[in-house]
Asker: 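Quick one: the structure is below, and I'll ask about it shortly.
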Protein chains: 2
Amino acid sequence: MHDLTEMLKGTLEGCVLEIIGGEETYGYAITRRLNELGFVDVVEGTVYTILLRLEKNGLVQVTKRPSGVGPPRKFYALNDAGREELTTFWAKWEYLSSRINNLREGGR
Amino acid sequence: MHDLTEMLKGTLEGCVLEIIGGEETYGYAITRRLNELGFVDVVEGTVYTILLRLEKNGLVQVTKRPSGVGPPRKFYALNDAGREELTTFWAKWEYLSSRINNLREGGR
DNA sequence: CTAGGTACTTTGTAGTACCGAGTACCACTA
DNA sequence: TAGTGGTACTCGGTACTACAAAGTACCTAG
């Protein structure tokens, strides 16, 4: 598939928020999940920078837990601010994607 | 409305391609058209940088014409490479937006 | 004890939208 | 005829984001 990096800007963070909103989880697992979901070229480094940003912006609650199969995991869960941010993200996505689809329709 | 700048990255260029693909037009008019279409915060400077990039990448044919109501206009039309790029853009858009919508559905 | 999967960190880079200021053409009007 | 406002393009710099690359470290299987 083509390179989606530029198109992912601004949306990937929302996707990570959505995944965390579904269940408390950690970076490595989020990356695997994104890959399964069709975001095939997203790599760990990218997800970790997003997670650090979310933490810095106070959108998540972080809990470190031992793993049993490797080094300890940092589990992320949304707090109130995070849930609000997620709602905003979907509103923006709906707005933007509808405009873009309208643009396409109009051209045919 | 919220700030869409980050989300526009990677998609705005495609929108400009689509508009040019519809009819030969120029920067100032493209900006006004985008604003009408709901991309309310897109400003001229942004559109011009995109147009210069399209020209540099050999996706458009440029023709300068006098205006009658102001300085001369630079009209842009898609060439074969531009039409191909536009097709690729919509393929990427369809791919990405369907993944994102799937992600959202899965969470409910 | 080595290899490979798991798991996180850090530094640096490239690409994109946007800001701000500037230049310049034209019509209208006081 | 000077000034204002709409039209139209250019250019230098900034902020933000996804990604690359390299490293550290834990654990199991052979």
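Letters A, B, ... mirror the listed sequences (proteins, then strands); counts begin at 1.
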Asker: In whole angstroms, how far is the C1' atom of D/dT17 from the CG atom of A/Leu17?
Answerer: 15 Å
Asker: Tell me: CD of A/Glu6 to C1' of C/dA17, nearest whole Å?
Answerer: 10 Å
Asker: Check whether NZ of the Lys or CZ of the Arg B/Arg32 lies under 6.0 Å from the centre of the six-membered ring of B/Tyr28 and within 45 degrees of that ring's axis.
Answerer: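 Ring-cation test returns yes.
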Asker: Would you please confirm or rule out a distance under 4.0 Å between OP1 or OP2 of C/dT9 and any side-chain N or O of A/Lys74?
Answerer: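 Answer yes for this pair, as a side-chain N or O of A/Lys74 is under 4.0 Å from OP1 or OP2.
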Asker: Are more than 12 heavy atoms, taken from residues, nucleotides or ligands other than B/Arg33, located less than 6.0 Å from that residue's CZ atom?
Answerer: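 Check fails, neighbour count at 12 or below.
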Asker: Does A/Lys9 get its side chain close enough to the base of D/dC16, under 3.5 Å, for a donor-acceptor pair?
Answerer: no
Asker: Nearest to the A/Glu13 side chain among C/dT10, D/dT7, D/dT17, which nucleotide is it?
Answerer: D/dT17
Asker: Measuring only between side-chain heavy atoms, which start at C-beta, is A/Val16 closer than 4.5 Å to A/Leu51?
Answerer: yes
Asker: Rounding to a whole Å, what distance do you find between B/Leu4:CG and D/dC16:P?
Answerer: 16 Å
Asker: Could you tell me whether B/Arg53 and B/Glu13 have a side-chain N and a carboxylate O separated by less than 4.0 Å?
Answerer: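 B/Glu13 and B/Arg53: salt-bridged.
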Asker: According to a strict under-4.0 Å criterion, is B/Tyr26 in side-chain N/O contact with OP1 or OP2 of D/dA8?
Answerer: yes
Asker: Could you tell me how far apart B/Ile50 (CD1) and D/dC9 (P) are, to the nearest whole angstrom?
Answerer: 14 Å
Asker: How long is the span from the CG atom in B/Asp41 to the CG atom in B/Leu34, to the nearest 0.5 Å?
Answerer: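 If we round to the nearest 0.5 Å, B/Asp41:CG and B/Leu34:CG are 11.5 Å apart.
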Asker: Which is true for A/Leu51 with a 4.0 Å heavy-atom rule: it touches a base, it touches only sugar-phosphate, or it touches nothing?
Answerer: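 The answer is nothing, as A/Leu51 stays clear of every strand by at least 4.0 Å.
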Asker: Give a yes/no on whether any side-chain N or O of B/Arg53 is located under 4.0 angstrom from OP1 or OP2 of C/dT16.
Answerer: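 Yes, within the criterion.
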Asker: Rounded to whole angstroms, how far apart are OH on B/Tyr48 and P on C/dG20?
Answerer: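 Spelled out: OH on B/Tyr48 to P on C/dG20 is 18 Å.
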Asker: Which of these nucleotides, C/dC19, D/dA20, D/dT7, is closest to any side-chain atom of A/Val43?
Answerer: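 Ranking C/dC19, D/dA20, D/dT7 by closest atom to the A/Val43 side chain puts D/dA20 first.
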Asker: Are any of the side-chain heavy atoms of A/Phe75 and A/Val62 separated by less than 4.5 Å?
Answerer: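 No. Closest side-chain heavy atoms not under 4.5 Å.
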Asker: In the 5'-to-3' direction, what one-character label does each nucleotide of nucleotides 23-28 of chain C receive under the scheme B = base within less than 4.0 Å of a protein heavy atom, S = sugar-phosphate only, - = no such atom?
Answerer: -BBSS-
Asker: Send over the distance from A/Leu52 CG to D/dT17 C1', rounded to a whole Å.
Answerer: 14 Å
Asker: Would you indicate, yes or no, if C/dA7 has its OP1 or OP2 atom less than 4.0 angstrom from a side-chain nitrogen or oxygen of A/Ser67?
Answerer: yes
Asker: Nearest-Å distance, CE (B/Met7) to P (D/dT17)?
Answerer: 11 Å
Asker: Rounded off to whole Å, could you give me the CG-to-P distance for the B/Asp41 and C/dC18 pair?
Answerer: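 After rounding, the gap between these two atoms is 8 Å.
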Asker: Would you compute the distance between atom CZ of A/Arg83 and atom CD1 of A/Ile20 and round it to the nearest 0.5 angstrom?
Answerer: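 Rounded to the nearest 0.5 Å, the CZ-CD1 separation comes out at 12.0 Å.
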Asker: Return the 5'-most residue of the pair B/Glu44, A/Thr49 with respect to DNA chain D, ranking by each residue's nearest nucleotide.
Answerer: B/Glu44
Asker: Do the side-chain N or O atoms of B/Thr46 get closer than 4.0 angstrom to the phosphate oxygens (OP1, OP2) of C/dC18?
Answerer: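 Yes, within the criterion.
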Asker: Given salt bridge (charged side-chain N to carboxylate O under 4.0 Å, His left out), test B/Glu24 with B/Arg73 step by step and report yes or no.
Answerer: CA-CA 11 Å; B/Glu24 193 189 36; B/Arg73 298 165 174 164; over 6 Å; no
Asker: Reading DNA chain C from 5' onward, which residue's closest nucleotide shows up sooner: A/Tyr76 or B/Val42?
Answerer: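 Final value for this comparison: A/Tyr76.
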